[in-house]
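The structure appears below as structure tokens.
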Protein chains: 2
Amino acid sequence: MSALSDVARLAEVSKATVSRALSGNGYVSIETRNRVVAAAAAIGYVVSSNASSLVTGHTKNVGVVIPFINRWFFGEVLEGIETALIAAGYDLTLYRLSADDAARRRVFEYFLVRKRVDAVIAVGIELTRTEVDLLRSLGKPIVGIGGAVEGMATLSIDDVAAAELITELLIGLGHTRIMHVGGSQQKQVDFRVHSQRLKGFTQAMRSAGLRYDDESFRPTDISIEGGYTAGLSILADPRSRPSAIVAGADEVAIGIIIAARQLGIQVPAQLSVVGIDGHDLAPMFGLTTLAQHPKSQGTMAVRLLLDELTDLTEPLDRPASNWNTFPVSLEVRQSTTAPPLP
Amino acid sequence: MSALSDVARLAEVSKATVSRALSGNGYVSIETRNRVVAAAAAIGYVVSSNASSLVTGHTKNVGVVIPFINRWFFGEVLEGIETALIAAGYDLTLYRLSADDAARRRVFEYFLVRKRVDAVIAVGIELTRTEVDLLRSLGKPIVGIGGAVEGMATLSIDDVAAAELITELLIGLGHTRIMHVGGSQQKQVDFRVHSQRLKGFTQAMRSAGLRYDDESFRPTDISIEGGYTAGLSILADPRSRPSAIVAGADEVAIGIIIAARQLGIQVPAQLSVVGIDGHDLAPMFGLTTLAQHPKSQGTMAVRLLLDELTDLTEPLDRPASNWNTFPVSLEVRQSTTAPPLP
DNA sequence: CTGCGGTGTGGAACCGGTTCCACAATCATC
DNA sequence: GATGATTGTGGAACCGGTTCCACACCGCAG
């Protein structure tokens, strides 16, 4: 409704002075400023961010591309990002990216390009070289969480090490027949993370000289249902049953525990289960897990981005491909113990 | 980078013609249009939505305020909204609204007002009269999902009827000692829904002439953990144990089932449990529930909003406070049966 | 042949701010 | 007292589109 010129008229100053008074850039005497502020308040004036963006070139808005919303890790990250952005006075525009290629291109070539966002946070998505180049050519900083690609700053835990560590915990307890139930290695949006975890698992097994074959890995959906279904099928036959399972994510681990309980298999007496992530439900299920902290990953991503946005004096010719590894913490609970005697 | 005037120069026409050719408003000969489109493609031109919004007054952007992200119902709704908005060429700006009053005011008085959003969807939030008026005075349509207030269009299931129905199912099976474990009645962002469900429960109990007292309702967090904790405490004492529980949400019901299993209480032989929502995990736990379809509620909200946005010839003087009740479906599974013989 | 409605196009104003530049006043410095 | 730096303010250009208006051309009815 009310525009800057209305404020100017009311305060009896020029538009330029109003702009300076309200934005805090440039010289304005204290009395003038007060008069302007009062006038603005009187008519309920709020800057039009459109008009402002048009001339300044930045929008105070960050685009977030994310493949899932209703999955624990992603929801947590999103929450962390949202909180941090709002606190910094930024808006968050959300784009859920499915595996659908057409939709994905649309987001990149239509939505993200229209000078609407200052920067992009990509969560759990492996961006293509082209996508990154497109964004960079527009001068938009990108930071990734989880999946990544060279040419952009990335935050994530070291998934290989995480899986390795949690597997070693089982090995250390004396387990030898260990299975990995994790994310499908098919091309998926969040493919990378789970192939890394699989890699960590196999490395640990190989280092310990334990048998590892096709049967040792079972792909599944990353969800409680996925783990449950896989669990039922794996645990059905007592002879082929492993003594321990490394789940690719806590949801999967929880599903497996539920399946085990249902089949009357004691956890951990007959079956040890470990997960990765530090899911909210882990304590409730007594799940031993390697916890990460997705919320603070979100916060940190925002901080990185804002730094880059304000440091934009030197126009992003910097290394740019720095990989920040996030800390994890081992949370040992009641789902792990030494293997049953044969 | 490239602006409309660049396209104009390349295609050897005026800016006005480029605008018409690309937006499809006004007369442009087919040859000219082709030339313009080709020129635009050649230099990778994309309209600046800022500039465009500045003059047209609308932004093709919808603000969504929502209290939780990582809770099933809210995540689903958000997904539905996102999909529908993107499909319609709209952006979605996300504001998570905590109970924190200051933050809430900030969102309303600062973020939502800056001519950045064309409309607002409020999910599970009881907006105050002031908030609604503020938005309406700016000519921004609002639609609510779940919590609502007069003066705005709202979508939700009939929570009273839902709770009543599912309670009656238990009563019909012969249960008489029924408890309700549900959302706290303290002032919370999504308070309304759960007070409605409690009301439906009490109504059903009263209608059936069953005893209902303070002990019959147990407030809890709406989460699996919340249900689990409440479940452990309720089910601990065999003498005071109810024969059936109506959970205020499926998460809670699932938590209760897990608690029951852990205590060695057979569901449904010794304890029937029902929920409301139709959570993804309900089938896995054999949970009998009254299912709603949050994703399509999101979609529907978007449709309503877009209708209002395009019909804006008559500037929203219409009834405006229409309450659309959403369909639910009863999904009977294995968590319910007749009460055990005394 | 004149007049009129439908097409097609360009010029220019405008949306609502920000910022460069010019100018004035004040104050400290030499 | 002249010089120059600091502070305060207004005018005007500009960001990148959209749209009103004027004008030209066309075909067709009277």
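Chain letters run A, B, ... following the sequence lines, proteins first, then strands; residues in each count from 1.
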| Which parts of residues 35-50 of chain A get close to DNA chain D, meaning a heavy atom less than 4.0 angstrom away? | none

| field | Minimum-distance nucleotide (side-chain atoms of A:L54 versus C:dG16, D:dT18, C:dT19) | value | C:dG16

| task | Report, as a single string ordered 5' to 3', how protein heavy atoms within less than 4.0 Å touch nucleotides 6-12 of chain D: B base, S sugar-phosphate only, - not at all. | result | -BBBBB-

| note | Taken in chain and number order and not counting sequence neighbours, the residues that satisfy side-chain contact (heavy atoms from CB on, under 4.5 Å) with B:D6 are B:S2, B:A3, B:R9, B:I43

| request: Just jot down the salt bridge (Lys or Arg N to Asp or Glu O under 4.0 Å) partners of B:R106, sequence neighbours excluded, or say none. | output: none

| said: Whole angstroms only, please: what is the NZ-P distance between A:K115 and D:dC15? | reply: 12 Å

| query | On the ring face of A:F73, is A:R71 found with NZ or CZ under 6.0 Å from the centre and within 45° of the axis? | reply | no

| task | Using the ring pair (Phe, Tyr, Trp, His ring centres under 6.0 Å) rule, collect all pairs that involve residues 1-58 of chain B, keeping only residues at least two apart or in two chains. | result | none

| task | Starting at atom CG of A:L4, determine the distance to atom C1' of C:dT19, rounded to an integer number of angstrom. | result | 13 Å

| query | Taking five pairs at each end, how big is the angle between the two axes of the helix from C:dC1-D:dG30 to C:dC30-D:dG1, to 10°? | reply | 50°

| field | With sequence neighbours excluded, residues passing side chain to side chain donor-acceptor pair (under 3.5 Å) with B:E82 | value | none

| note | Between CZ of B:R114 and P of C:dG16 the distance, given in whole Å, is 17 Å

| OP1 or OP2 of C:dT18 less than 4.0 angstrom from a side-chain nitrogen or oxygen of A:S19, does that happen here? | yes

| remark: Residues passing the side-chain contact (heavy atoms from CB on, under 4.5 Å) test with A:S53, sequence neighbours excluded, are A:T59, B:N50, B:R116

| task | Determine the contact category for B:T56: base if any of its heavy atoms lies under 4.0 Å from a base atom, sugar-phosphate if only primed atoms, P, OP1 or OP2 are that close, otherwise nothing. | result | sugar-phosphate

| request: In sequence, state the C-alpha distance, the side-chain angles, and the governing distance for B:V117 and B:V62, and then conclude on side chain to side chain contact (heavy atoms under 4.5 Å, CB included). | output: CA-CA 5 Å; B:V117 299; B:V62 170; 5.9 Å; no

| request: Measure from NE2 on B:H58 to P on D:dG17 and round the result to the nearest Å. | output: 15 Å

| query | With sequence neighbours left out, which residue pairs that include part of residues 10-23 of chain B fulfil the salt bridge (Lys or Arg N to Asp or Glu O under 4.0 Å) condition? | reply | none

| query | Which residue pairs pass the ring pair (Phe, Tyr, Trp, His ring centres under 6.0 Å) test when at least one of the two sits in residues 111-141 of chain A, sequence neighbours left out? | reply | A:Y95-A:F111

In residues 293-304 of chain A, what donor-acceptor pairs under 3.5 Å come from side-chain atoms, sequence neighbours left out?
residue: A:S296; atom: OG; partner: A:H293; partner atom: O; Å: 2.9
residue: A:Q297; atom: NE2; partner: A:Q292; partner atom: OE1; Å: 2.7
residue: A:T299; atom: OG1; partner: A:K295; partner atom: O; Å: 3.0

| query | For B:N25 and B:A51, take the nucleotide of DNA chain D holding the closest heavy atom to each; which residue's nucleotide lies nearer the 5' end? | reply | B:A51

| said: I'd like to check the side chain to side chain donor-acceptor pair (under 3.5 Å) partners of A:S5; sequence neighbours left out, ordered by chain and number. | reply: none

| query | Taking atom P of D:dG16 as reference, at what distance in whole Å does atom CG of B:D6 sit? | reply | 9 Å

